[in-house]
Protein chains: 2
Amino acid sequence: MIQPRPRTIPEATVARLAVYLRVLSGLADGGRTTVSSGELASAAGVNPAGLRKDLSHLGSCGVRGVGYEVRALRERIARVLGAEQSRACVLVGIGNLGTALADYAGFGSRGFRFVGLFDAAPAQVGQEIGGLTVQPMTELEATVTAHEASIGVIATPAEVAQQVCDRLTAAGVRSILNFAPVTLTAPVGVDVRPVDLSVELQVLAFLGQQRSARAAEVTA
Amino acid sequence: MIQPRPRTIPEATVARLAVYLRVLSGLADGGRTTVSSGELASAAGVNPAGLRKDLSHLGSCGVRGVGYEVRALRERIARVLGAEQSRACVLVGIGNLGTALADYAGFGSRGFRFVGLFDAAPAQVGQEIGGLTVQPMTELEATVTAHEASIGVIATPAEVAQQVCDRLTAAGVRSILNFAPVTLTAPVGVDVRPVDLSVELQVLAFLGQQRSARAAEVTA
DNA sequence: GCGACTTTGTTCCTGCGTTCACAAGCGGTT
DNA sequence: AACCGCTTGTGAACGCAGGAACAAAGTCGC
């Protein structure tokens, strides 16, 4: 028995689906009911053919000659991404970045719900951010198990990130988003996704430098 | 005349080079003088063969039978990435995220130097963060031209991100790092690199969900 | 009611990134 | 001085993502 819709959606496609979801929400709020692949692709900054291929991974959803129904497509993508269910997340490290993450309203509408904020510094503990009170690190494991949190976000200094990672995985967290500038090691079965802001900046700078070099070469 | 070292380094390689640079700095601080590709790859979380291929893009730098000299390799990568020169950056949007970015010391050691912080809210203007004073938006163009800033970072709400992008590009900024959850459009010749935190979280959640589904299938 | 136009969904193809495997080269040892 | 083991650097194959072109299908106009 073969599944009509293969389970494996490429990671690059998943990232773009999340972007389409955001654009579709904006269109729906604007009162649009249908949208063509070309228009949606332009709003998302991708190629129209690629967009149609991405959408084909979740089955036919458009109407030929017309386009896609905005609300239906949004719901379909949300279902595939699992954004309709509420996922419990914990956030460790309430510095500036952690505060920004805890405060960010965009997560809530995407199916993410912070159930615990933690920091080692006593000065941060007790503070209220985005409707939650910052807890001491000792409460970490209890909160994770109580809410069955499967996602952890690390926004601590680099020095303690690995310890935090170890405690999170030991408590049952299976997916970790890591903002600390270190490479974390985790047991198999645990996904760690690094987001390094200075790496992003360096890639950007390099591309700009490369572009300038090419331009100078042409004029020479 | 053919360049012995082709100018075009794949973008994925550039991102990893930035990670290697970080790891090498840590090793150098720890007093290590040489390191093998296997060890470095493990510390960076990549495949040893891939690491060697990445390094091959910048010419032979290792010693067979021994490994790589830590300091020499670090300097070589830094030179290729342009991290040895100081690049002027401006940051627009001093909320929690913007404050975190302005405060982050990691940028300085990577060759980035903020020369201007800007916010539209009068309450933020005048505040001092990381040695700089937050300026009103009216000063944006003058600061960009005075320092010849080529990199702009947008950490504003989504609604004003496109306007800010337009003003930055008009003032001469050629590379933009965008943290606002919108797809920006910019003239050709300007690189915009989006960093969407909720997209990252959604991809992570989807991978976790997919993994769980596979596990359930196997046990069934 | 029929034809033409528009837009989707798919298929093919090209190029890139990644991985594996081996030859080349250097240091340590006898 | 010669050999052996270890490590780098590179060549080839594999798999994957991206882009273009085409067929299917549905709607609008006549």
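Just so you know, these numbers come straight off a predicted model, no measurement behind them. Just so we're on the same page: letters track the sequence lines, and every chain starts at 1.
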Select base, sugar-phosphate, or nothing to describe what A:G50 touches, counting heavy atoms under 4.0 Å on all strands. nothing
5' priority, DNA chain D, between B:L55 and A:P10 [closest heavy atom]: B:L55
Could you tell me, to 10°, how much the axis swings from one end of the helix from C:dG1-D:dC30 to C:dT30-D:dA1 to the other, five pairs per end? 10°
Return the value, rounded to whole Å, for the distance between atom NE2 of B:H57 and atom P of D:dT10. 10 Å
Figure out the OH/C1' separation between A:Y68 and D:dA25, and round it to whole Å. 13 Å
Rounded to whole Å, how long is the line connecting atom CG of B:L40 with atom C1' of D:dG9? 15 Å
When you check the phosphate oxygens OP1 and OP2 of C:dC20, does a side-chain N or O of B:N47 lie under 4.0 Å from one of them? yes
Nearest-0.5 Å distance that lies between atom SG in B:C61 and atom OH in B:Y68: 8.0 Å
Could you check how far CZ of B:R16 sits from P of C:dC16, rounded to whole Å? 15 Å
Salt bridge or not for A:R193 and A:E11, using N-O below 4.0 Å? yes
B:S60 side chain, from C-beta outward: closest of C:dT19, D:dG9, C:dG9: D:dG9
Is any side-chain N of the basic residue among A:E39 and A:R32 closer than 4.0 Å to the acidic one's carboxylate O? yes
Do nucleotides 21-30 of chain C as a string where each nucleotide becomes B, S or -: B if the base has a protein heavy atom under 4.0 Å, S if just the sugar-phosphate does, - if no protein is that close. B--BBBS---
Atom CG of B:L73 and atom C1' of D:dT7: how far apart are they, to the nearest Å? 14 Å
For residues B:A18 and A:Q202, report the shortest heavy-atom separation together with the two atoms involved. CB-OE1, 3.1 Å
Could you grab the distance from atom OH of A:Y104 to atom OG of B:S198, nearest 0.5 Å is fine? 4.0 Å
Below 3.5 Å, does any donor atom in the side chain of A:K53 face an acceptor in the base of C:dG9, or the other way round? no
Quick one: which protein N/O atoms are closer than 3.5 Å to N/O atoms of nucleotides 1-3 of chain D? Pair and distance per line, please.
none

Would you say B:R174 has more than 12 foreign heavy atoms packed within less than 6.0 Å of its CZ? no
Interatomic distance where CD belongs to B:E11 and P belongs to D:dA17 [whole Å]: 16 Å
A:Q85 atom CD: more than 12 heavy-atom contacts under 6.0 Å: yes
CD/A:E141 to CZ/A:R167 distance, rounded to the nearest 0.5 angstrom? 4.0 Å
Pairwise distance CD1(B:I176) to CG(B:L184) - rounded to 0.5 angstrom: 7.0 Å
To the closest 0.5 Å, what do you measure between OG1 (B:T156) and CG (B:N178)? 7.5 Å
d(CG, A:D54; C1', D:dA17) in whole Å: 10 Å
Reckon B:S37 has a side-chain N or O less than 4.0 Å from the OP1 or OP2 of D:dT7? no
Just the rounded figure in Å: distance from C1' of D:dC16 to CD1 of A:I9. 16 Å
Would you find a donor on one side and an acceptor on the other, under 3.5 Å apart, between the side chain of A:S42 and the backbone of A:G38? no
Look up atom CG in B:L51 and atom CZ in B:R16, then write down how far apart they are to the nearest 0.5 Å. 9.0 Å
